[in-house]
Amino acid sequence: MTPLFPVRPRLLLGPGPSPVHDRILEALGRPTIGHLDPQFLAIMDDVNARLRRLFGTENTLTFPVSGTGSAAQEAAMANLLEPGDTAIVGINGVFGGRLKEMAARMGAQVVSVEAEWGRIIDPEQMIQAHRKHPEARLVAIVHAETSTGVHQPLADIGRHLADSDTLFVVDTVTSLGGVPTELDANGVDVAYSGTQKCLGVPPGLAPISFSPRAVERIRTRSVPCQSWYLDAGLLADYVGEGAQRKYHHTAPINMMYALHEGLLMADEEGLDARFERHAEVGGRLQTEVEARGFSMFAQEGYRLPQLTAARLPEGTVEGPLRKALLEDHGIEVGGGLGPAAGAIWRVGLMGSGATHENVDRLLAAIDTLLA
Ligand SMILES: *Cc1c(COP(=O)(O)O)cnc(C)c1O
């Protein structure tokens, strides 16, 4: 049957969603079963085990939240914060700004540590802010700032916070599966992600991981989590191995198949090989576009391979070029956000999209458009 609104495929080289491999599309089409069916619970347990390995953590409470990355981001803030708490938030792009907004809506007093868009947040500044506010319940920062292409270092902040009662929360939406996250080695208590960036799975699930001390904090809250849907205490009774498997909400069954397939593919490739592929392909794109007159937006030495933010060559106007790239070449890239709107392109080489062939296709299209 011809669909009423047929969709032409695109080559997704923007900030997400990323291209979805046929194996994952096939997994989505498997028979829908019940969320308490032992077959489904076995798949979910395997998803959680593979997520732990990918995150680099032994955290028992690791599972996919129903929703996109923003749902897990909100889950992190809603579960850890109570009204009146202090939250220290690093802001150097859109997603740090959202962390602040969410923390404020939970009733927290937010201490912002800001850096110019395109630059990392100096870990020392975060540590100083914590020395000034040792009462802070959490310190939150974005590992891979998708609005700027900046790769934020985590280890020094994590090491500093390990000796305190303050939890370390990290946004790994664009890092998970593309660059190492190593939660335990970096002293991260809570990290969340999404399926449609470097995992190459459609949008709809959002992995999250809580350390034992984060779980303890949630269990000892004085007021309940303001979100019932995202309450990690309630969710733990369903998602945890050996838990009561108590119904909370219906898990997105077919999306779980898709995430499972994506994680299998990551493990088959090998995590180190996967990170190496992203590094190599993204590094090559950055060299090639610089040779064509683009200039990198993110600070040298701290550039994400999976998300290239670049100013266009002098004398070009980005909007019409990006439109022609989509309409004439079938390739999607992202424009700039906030202060970078109209000034940059954001090119994602994520998941199964991170290939030399895709770099070749994009460069050929750019050469045609700029000619
Ligand atoms: C995409 C993204 C989010 C939000 O995820 P959605 O899936 O769009 O809800 C949060 N943080 C970062 C760094 C992102 O790139």
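Read the numbers this way: they start at 1 and go in the same order the structure lists the ligands and their atoms.
Protein neighbours of ligand 1 below 4.0 Å, counting non-hydrogen atoms: T68, G69, S70, Q73, F95, V142, A144, T146, D171, V173, T174, Q196, K197.
Using a cut-off of 4.0 Å between Lys/Arg side-chain N and Asp/Glu carboxylate O, D184 and R52 are scored as not salt-bridged. Salt bridge status for R105 with E101: present, with a side-chain N to carboxylate O gap under 4.0 Å. A salt bridge does not link R137 with D189: every distance from a Lys NZ or Arg NE/NH1/NH2 to an Asp or Glu carboxylate oxygen is 4.0 Å or more.
When P305, P180, C198 are each tested for a side chain to side chain contact (heavy atoms under 4.5 Å, CB included) with F275, only one passes: P180.
Classified by interplanar angle (parallel below 30°, tilted 30° to 60°, perpendicular above 60°), the ring pair F294/W345 is tilted.
By the side-chain hydrogen bond (donor to acceptor under 3.5 Å, both in side chains) test, Q125 is found to be paired with no residue, residues two or more places apart in sequence or in another chain being considered.
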